[in-house]
Amino acid sequence: MGKTSDDGAITAGEVRAALEVVLSSETFARADRARALLAYLVETEQNGEAPRLKGFTIAQDVFGKDDDFDPAMDAVVRVQAGRLREHLSTFYAGEGRDQPIEISVPKGTYVPSYRRRTGADGEPAPTMTGADGAGASRIVDFGNSAASFRLDSDMAAAPLAATRKLAETEGTSAQETLLSPFIVRNVKRFWLALAIIVLLLTVILFLVWQR
């Protein structure tokens, strides 16, 4: 990780253990997408492939999108990354408050960061990230438990149906999960405008009939 373990570097084993704790926590119990995304981000970074952590690649590898995926029209990766950050914040503020290693996904990047929450002197240790210039790939075995949180074959074969199911689980509508906020907002505006027009026509017809 750029430093030797003797001077406080976070080892691959510590990262793996920290990931397993997060994935099996109550905070993430019903957050299927957050678990799948976090497992993918950490595993990819730890295997020395941080440059692959881009929106398009994540959309294909985690959320079953095809080659026609357009990040400008479909905000699924950005939305789910934001939710993942919220889940992580909730976890470390609550049930994970005593965990020695903190995993985060800084805003503006999909490359995970790791921080030792208390050092030998009781002070927080510097943040350790995957992009530290170590220069060598680290092939890390995350075992079956981490891999099991990847979205299953049903998601890859039928992302629409699986997304609807996950949307119901996470308490969001399928439209909000599948479409970008821009599209959802304009669709809602269209139906509101249509309802107003129908109402006005009804009032006008009623007044004409009264006369």
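Of the listed residues (T44, D61, N47), just one forms a side-chain hydrogen bond (donor to acceptor under 3.5 Å, both in side chains) with R52, and that residue is D61.
Looking at residues two or more places apart in sequence or on another chain, you find a side chain to side chain donor-acceptor pair (under 3.5 Å) between T27 and E95.
Closest approach of R35 and R30 over heavy atoms only: NH1-N, 4.0 Å. Shown here for V111 and L53, the closest heavy-atom pair between the two residues is CA-CD1, 3.9 Å. Closest non-hydrogen pair, G55 versus Y110, comes out as N-CE1, 3.8 Å. Between A31 and H87, the shortest heavy-atom contact is CB-NE2, 3.6 Å.
A heavy-atom distance below 4.5 Å is found between the side chains of F28 and L84. Side-chain contact check for Q60 versus D67: some heavy-atom pair is nearer than 4.5 Å. The shortest distance between side-chain heavy atoms of R115 and I101 does not fall below 4.5 Å. Within the 4.5 Å cutoff, the side chain of E26 has no heavy atoms near those of the F91 side chain. Contact annotation: the side chain of T11 never approaches that of V15 to less than 4.5 Å [non-hydrogen atoms, C-beta and beyond]. Residues R97 and Y92 have side chains not in contact (no heavy-atom distance under 4.5 Å, counting atoms from C-beta outward). Within the 4.5 Å cutoff, no side-chain heavy atoms of R33 are placed close to those of R83.
Rounding to the nearest 0.5 Å places OG1 of T57 at 5.5 Å from OH of Y40. Annotation: the span from L194 atom CG to L199 atom CG amounts to 11.5 Å, rounded to 0.5 Å. One distance of note links CG of L205 with CG of L201; it measures 6.5 Å at 0.5 Å rounding. With rounding to the nearest 0.5 angstrom, the OG atom of S113 is 12.5 Å from the CG atom of L41.
Grouping the Ile, Leu, Val, Met, Phe, Trp and Tyr side chains by contacts below 4.5 angstrom, directly or via other members, places F206 apart from I197.
In this structure, S89 contributes its side chain and R85 its backbone to no donor-acceptor pair below 3.5 Å.
Salt bridge present: R116 and E14 bring a charged side-chain N and a carboxylate O closer than 4.0 Å.
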For side chain to side chain contact (heavy atoms under 4.5 Å, CB included), just list the numbers for L88 and L38, CA-CA rounded to whole Å, side-chain angles, deciding distance to a tenth of an Å, and then say yes or no. CA-CA 10 Å; L88 286 171; L38 181 62; 4.1 Å; yes

Evaluate the criterion side chain to side chain contact (heavy atoms under 4.5 Å, CB included) for residue pair L37 and V77; output intermediate values, then yes/no. CA-CA 9 Å; L37 180 57; V77 178; 5.6 Å; no

Let me see the working for E45 and Y114 under side-chain hydrogen bond (donor to acceptor under 3.5 Å, both in side chains), right down to the final yes or no. CA-CA 11 Å; E45 185 279 320; Y114 319 108; 2.5 Å; yes

